[in-house]
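Order of appearance sets the numbers: ligands from 1, and atoms from 1 within every ligand.
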Amino acid sequence: MNEAILVTGGAGFIGSNFVLDWLARCDVPIVNLDKLTYAGNLENLASLRGDDRHVFVRGDIGDRHLVGSLLAEYRPRAIVNFAAESHVDRSIHGPEDFIQTNVVGTFHLLDEARRYWEGLNPRDRAAFRFLHVSTDEVYGSLGPEDPPFSETTPYAPNSPYAASKAASDHLVRAYHHTYHLPTLTTNCSNNYGPYQFPEKLIPLVLHHALAGKPLPIYGDGGNVRDWLYVADHCAAIRLVLERGRVGETYNIGGCNEKTNLEVVHMLCDILDEVRPKTGGGSYRDQIAFVTDRPGHDRRYAIDASKLMHELGWQPRESFESGIRKTVQWYLAHGEWVAHVTSGEYRAWITKNYAERAA
Ligand code: NAD
Ligand code: DAU
């Protein structure tokens with residue numbers, strides 16, 4: 001077994017942040033397997049061009065032949081599985097891709113990992129880890145007074161996306177329980193930060209605000225999410241990978257519960273300060289309440305005390321500091337935004353928003 005790790009989905013939002021953070025901290029090589037769907041973008045990894053520590057392979061986690069040959073060639077000591085279809089609204093319009101990648105793809109990846117792991121010598125078998133990156137959405141929706149999700153909260157997924165992630169979590173659990181594959185699962189709350197595709201709330205609002213377009217708020221804007229800066233998520237994954245107890249799940253969250261309206265107001269206020277509208281007025285004037293997301297979960301909140309007490313993790317970024325950094329990043333990366341919002345993106349925006357009457 002080598003020192004290298006295999007990362008899947010490392011050209012997406014969190015995966016590329018993870019790869020960049022990892023290689024900024026150590027020289028342990030990464031083999032990055034990514035299908036490059038609409039959400040995968042090699043521009044995120046442009047700073048690694050010519051860097052031998054990063055091997056990029058375009059391919060599908062469900063391609064067993066490819067996965068098996070990568071494992072045989074690079075003999076990694078761990079797999080970190082970020083690859084997924086990740087957008088709830090897309091899962092409502094077209095659930096099939098979510099089942100294919102998140103359920104069937106994860107199954108094939110897991111099964112190839114098991115075959116590889118079973119062929120290792122006892123020392124390497126003990127050291128190997130399969131870390132599955134999952135979401136708090138598997139726990140369903142909370143009422144206003146409910147305690148936050150803990151690792152023992154029963155699963156109650158409500159969207160096709162959440163159901164597909166829940167299914168993948170169960171497969172990972174079963175592979176540990178049945179075959180003793182050394183797995184770890186993390187369930188994280190909403191991430192934000194650099195390189196997030198502008199279909200998700202924060203980058204979409206920034207993009208629309210600067211373009212003078214309506215800022216679409218589903219329903220009454222009172223839905224609550226627990227926001228975590230992406231670098232804090234990546235730090236938690238590194239810790240769980242190195243020191244997490246095999247077979248366990250760890251919740252990751254920022255203790256930053258905000259309604260969507262609060263988030264959008266904050267974004268507008270920061271933009272008013274750092275990039276005032278040329279014609280005067282506030283970006284808040286662009287807010288438009290639109291038809292709600294079907295089955296929209298009302299509130300997510302995470303109890304991350306297991307991760308904090310067992311592994312000493314703490315988020316470094318407050319929402320106020322992280323959101324400012326994020327706004328600055330998007331303002332400084334107009335070209336990146338322009339590239340990812342051409343082509344397929346426009347078709348998606350029409351599909352998702354055209355029929356949501358204001
Ligand atoms: P993303 O949509 O930005 O990126 C997903 C990446 O996976 C893309 O690069 C895509 O090309 C790749 N991919 C998709 N299907 C693939 C396949 N079949 N084979 C190989 N690669 C494939 O997603 P993200 O927001 O970076 O999320 C990464 C992971 O973290 C997902 O598993 C998601 O469920 C989980 N997660 C996300 C959040 C969040 O707020 N974004 C929070 C908690 C957990
Ligand atoms: O909780 C973790 C999850 O967070 C991850 O598992 C998902 O991959 C990730 O996409 C995210 O899911 P959400 O559905 O919470 O994120 P999204 O950014 O799509 O929406 C955040 C909230 O904002 C949600 O309540 C819906 C609302 N929203 C979203 C969009 C895109 C709007 O009001 N208007 C919009 O245009």
Side-chain angles (χ1 to χ4, degrees), residues 7-18 32-42 44-45 57-63 66-67 80-92 97-98 100-102 104-106 108-109 132-139 141 149 157 159 161-162 164-165 168-169 186-193 195-205 208 214-228 230 233 237 252-253 258-261 263-264 287-293 296-302 340 349 352-353 356:
V7 166
T8 72
F13 162 47
I14 305 174
S16 62
N17 274 281
F18 180 83
N32 183 352
L33 172 64
D34 195 296
K35 190 176 170 184
L36 294 183
T37 66
Y38 77 91
N41 185 355
L42 283 180
N44 303 3
L45 302 164
V57 180
R58 183 173 193 176
D60 193 319
I61 56 166
D63 180 345
L66 175 63
V67 170
V80 183
N81 182 32
F82 292 97
E85 289 293 338
S86 70
H87 189 33
V88 173
D89 292 319
R90 287 192 194 246
S91 84
I92 294 167
D97 287 347
F98 289 72
Q100 213 46 54
T101 284
N102 301 359
V104 181
T106 303
H108 287 309
L109 181 71
H132 179 60
V133 179
S134 192
T135 170
D136 60 358
E137 301 206 7
V138 297
Y139 298 121
S141 184
F149 302 130
S159 70
Y161 162 69
S164 68
K165 291 297 288 187
S168 66
D169 293 8
T186 55
N187 294 90
C188 190
S189 61
N190 284 61
N191 283 216
Y192 67 99
Y195 302 115
Q196 187 167 31
F197 193 76
E199 64 186 355
K200 308 280 169 71
L201 180 70
I202 289 177
L204 181 129
V205 162
H208 279 208
L215 312 181
I217 302 216
Y218 297 165
D220 63 1
N223 300 66
V224 173
R225 297 292 182 265
D226 176 357
W227 294 95
L228 182 68
V230 63
H233 186 188
I237 291 172
I252 310 173
K258 302 262 180 265
T259 65
N260 294 335
L261 199 53
V263 170
V264 174
I287 288 174
F289 290 89
V290 300
T291 308
D292 208 353
R293 171 186 281 175
H296 196 175
D297 284 338
R298 191 66 181 170
R299 173 176 167 241
Y300 302 145
I302 278 275
V340 300
I349 292 296
N352 192 42
Y353 294 97
R356 288 179 193 271

> Is it the case that Arg225 places NZ or CZ above or below the six-membered ring of Tyr192, under 6.0 angstrom from the centre and within 45 degrees of the axis?
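No.
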
> Got the closest protein heavy atom to atom 36 (N) of ligand 1, with its distance?
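The answer is Ile14 CD1, 4.0 Å.
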
> Atom 9 (C) of ligand 2: which of Ser86, Gly12, Ala162 has the nearest heavy atom?
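Among Ser86, Gly12, Ala162, the closest heavy atom to atom 9 (C) of ligand 2 belongs to Ser86.
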
> Considering only protein heavy atoms, which is closest to atom 40 (O) of ligand 1, and at what distance to one decimal place?
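Answer for atom 40 (O) of ligand 1: Asn191 N, 2.9 Å.
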
> Which ligand 1 atoms, with their elements, are less than 4.0 angstrom from a heavy-atom of Thr37?
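Here the atoms of ligand 1 in question are 10 (C), 11 (O), 14 (C), 15 (N).
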
> Give me the residue, atom name and distance of the protein heavy atom closest to atom 36 (O) of ligand 2.
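Looking only at protein heavy atoms, the one closest to atom 36 (O) of ligand 2 is Tyr353 OH, 2.6 Å.
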
> May I ask you to test the Ile217-Val290 pair for a side-chain heavy-atom distance under 4.5 Å?
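Not touching, per the 4.5 Å side-chain cut-off.
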
> When you compare the side chain of Val138 with that of Asn187, does any pair of heavy atoms fall below 4.5 Å?
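Asn187 reaches Val138 side chain to side chain.
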
> Under 3.5 Å between some N or O of ligand 1 and some N or O of Thr135?
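No; the residue has no nitrogen or oxygen that sits under 3.5 Å from a nitrogen or oxygen of the ligand.
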
> Give the atom numbers and elements of ligand 1 that come within less than 4.0 Å of a heavy atom of Gly59.
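Result: 19 (N), 20 (C).
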
> Using distance alone, with no hydrogens and no angle criterion, decide if His132 and Thr186 have a side-chain donor and acceptor under 3.5 Å apart.
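No, no side-chain donor-acceptor contact under 3.5 Å.
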
> For atom 18 (O) of ligand 2, what is the nearest protein heavy atom, given as residue, atom name and distance?
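For atom 18 (O) of ligand 2, the nearest protein heavy atom comes out as Leu201 N, 2.8 Å.
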
> Out of Phe13, Tyr192, Tyr218, indicate the one that has the non-hydrogen atom closest to atom 35 (C) of ligand 2.
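Nearest option to atom 35 (C) of ligand 2, by heavy atoms: Tyr218.
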
> Is the shortest side-chain heavy-atom distance between Thr106 and Asn81 below 4.5 Å?
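A side-chain contact under 4.5 Å exists here.
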
> Determine, using heavy atoms of Gly62 and all atoms of ligand 1, whether some pair is separated by less than 4.0 Å.
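No, that is not the case, since the closest heavy atom of the residue is not under 4.0 Å from the ligand.
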
> Distance under 4.0 Å to a non-hydrogen atom of Tyr161: what atoms of ligand 1 satisfy this?
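That gives atoms 33 (C), 34 (O) of ligand 1.
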
> Quick one: look at Asn260 and ligand 2, take heavy-atom pairs under 4.0 Å, and tell me if it's side chain, backbone, both or neither.
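It is the side chain that gets close, since no backbone atom is under 4.0 Å.
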
> Please work out which of Ala84, Ser134, Ala162 has its closest non-hydrogen atom nearest to atom 13 (N) of ligand 1.
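Heavy atom nearest to atom 13 (N) of ligand 1 belongs to Ala84.
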
> Go through ligand 1 atom by atom and flag the ones less than 4.0 Å from a non-hydrogen atom of Gly40.
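Contacts of ligand 1 toward Gly40, numbered from 1: 8 (C), 9 (O), 11 (O).
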
> Closest non-hydrogen protein atom to atom 21 (N) of ligand 1, residue and atom name please, with distance?
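Atom 21 (N) of ligand 1 sits closest to the protein heavy atom Lys35 N, 3.0 Å.
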
> Please could you name the atoms of ligand 1 that Phe82 approaches to less than 4.0 Å, counting only its heavy atoms?
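Answer, ordered by atom number: 28 (C), 29 (C), 31 (C), 32 (O).
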
> Report, in ascending order of atom number, the atoms of ligand 1 lying under 4.0 Å from any heavy atom of Ala83.
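That gives atoms 7 (O), 20 (C), 21 (N), 22 (C) of ligand 1.
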
> What's the shortest heavy-atom distance between Asp136 and Ser189, and which atoms?
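Shortest heavy-atom contact: OD2-CA, 3.2 Å.
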
> So is there a nitrogen or oxygen of Thr101 less than 3.5 Å from a nitrogen or oxygen in ligand 1?
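Yes; at least one N/O pair falls below 3.5 Å.
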
> Heavy-atom distances under 4.0 Å are what count here, so tell me which part of His87 touches ligand 1: side chain, backbone, both or neither.
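Contact part for His87 vs ligand 1: neither.
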
> What part of Leu204 sits under 4.0 Å from ligand 2 if we count only heavy atoms: the side chain, the backbone, both or neither?
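Just the side chain.
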
> Would you kindly specify which portion of Lys200 sits under 4.0 Å from ligand 2, judged on non-hydrogen atoms: side chain, backbone, both or neither?
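The answer is both, backbone and side chain.
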
> Which ligand 2 atoms are under 4.0 Å away from a heavy-atom of Thr135?
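Here the atoms of ligand 2 in question are 1 (O), 2 (C), 3 (C), 5 (C), 6 (O).
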
> Give the residue and atom name of whichever protein heavy atom lies nearest to atom 4 (O) of ligand 1, and the separation in Å to one decimal.
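For atom 4 (O) of ligand 1, the nearest protein heavy atom comes out as Gly12 CA, 3.4 Å.
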
> Which of these, Arg293, Arg225, His87, has its nearest heavy atom closest to atom 20 (O) of ligand 2?
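Residue with the shortest heavy-atom distance to the ligand atom: Arg293.
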
> Tell me the protein heavy atom at minimum distance from atom 13 (P) of ligand 2, and give that distance in Å.
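Minimum-distance protein heavy atom for atom 13 (P) of ligand 2 reads Glu137 OE2, 3.5 Å.
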
> Would you check the N or O atoms of Gln196, main chain and side chain alike, for any that come under 3.5 Å of an N or O of ligand 1?
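No; the residue has no nitrogen or oxygen that sits under 3.5 Å from a nitrogen or oxygen of the ligand.
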
> Have a look at ligand 1 and work out which part of Leu36, if any, has a heavy atom under 4.0 Å from it: side chain, backbone, both or neither.
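Under 4.0 Å from ligand 1, Leu36 contributes backbone atoms alone.
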
> Any heavy-atom pair between the side chains of His233 and Ile14 that's under 4.5 Å?
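Result yes, sub-4.5 Å side-chain heavy-atom pair found.
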
> Which protein non-hydrogen atom lies closest to atom 32 (O) of ligand 1, naming both residue and atom, and how far is it?
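I find the closest protein heavy atom is Lys165 NZ, 2.7 Å.
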
> Answer yes or no for Lys165: is there a heavy-atom contact with ligand 2 below 4.0 Å?
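Under 4.0 Å: no for Lys165.
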
> Of the protein's non-hydrogen atoms, which lies at the shortest distance from atom 1 (O) of ligand 2, and what is that distance?
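For atom 1 (O) of ligand 2, the nearest protein heavy atom comes out as Asp136 OD1, 2.5 Å.
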
> State whether the shortest distance between N or O atoms of Phe13 and N or O atoms of ligand 1 falls below 3.5 angstrom.
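Min N/O separation from ligand 1 is below 3.5 Å for Phe13.
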
> Tell me which one of Gly253, Ser86, Gly193 gets a heavy atom nearest to atom 2 (O) of ligand 1.
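Selected option, by shortest heavy-atom distance: Ser86.
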
> For atom 5 (C) of ligand 2, what's the nearest protein heavy atom and its distance?
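Here the nearest protein heavy atom works out to Tyr161 OH, 3.6 Å.
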
> Starting from atom 19 (N) of ligand 1, find the nearest protein heavy-atom neighbour and note its residue, name and distance.
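For this ligand atom, the closest protein heavy atom is Ile61 N, 3.0 Å.
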
> So which protein heavy atom does atom 34 (N) of ligand 2 come closest to, and at what separation?
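Ranking protein heavy atoms by distance from atom 34 (N) of ligand 2, first comes Pro216 O, 2.9 Å.
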
> Do Cys188 and ligand 1 have an N or O pair less than 3.5 Å apart?
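Cys188 vs ligand 1: no N/O contact under 3.5 Å.
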
> When you compare ligand 1 with Leu33, is there at least one nitrogen or oxygen pair between them that comes in under 3.5 angstrom?
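In this structure, Leu33 places no N or O atom under 3.5 Å from an N or O of ligand 1.
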
> Are the ring centres of Phe13 and Phe82 closer than 6.0 Å?
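No.
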
> Give the residue, atom name and distance (to 0.1 Å) of the protein heavy atom nearest atom 16 (O) of ligand 2.
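Looking at atom 16 (O) of ligand 2, the protein heavy atom closest to it is Asn190 ND2, 3.5 Å.
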
> Show which atoms of ligand 1 fall inside a sub-4.0 Å distance from at least one heavy-atom site of Asp60.
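Close to Asp60: 17 (C), 18 (N), 19 (N).
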
> If you have a sec, work out which protein heavy atom is nearest atom 26 (C) of ligand 2 and how many Å separate them, to one decimal?
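For this ligand atom, the closest protein heavy atom is His296 NE2, 3.4 Å.
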
> Hey, which atoms in ligand 1 end up nearer than 4.0 Å to a heavy atom of Val133?
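Answer for ligand 1: 30 (O), 32 (O).
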
> Below 30° counts as parallel, above 60° as perpendicular, anything between as tilted: where do the rings of Tyr161 and Phe98 land?
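It falls in the perpendicular class, over 60°.
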
> Do any nitrogen or oxygen atoms of Asp34 lie less than 3.5 angstrom from nitrogen or oxygen atoms of ligand 1?
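Right, the criterion is met.
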
> In terms of side-chain geometry, is the basic nitrogen of Lys200 or Asp89 positioned less than 4.0 Å from the acidic oxygen of its partner?
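No salt bridge links Lys200 with Asp89.
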
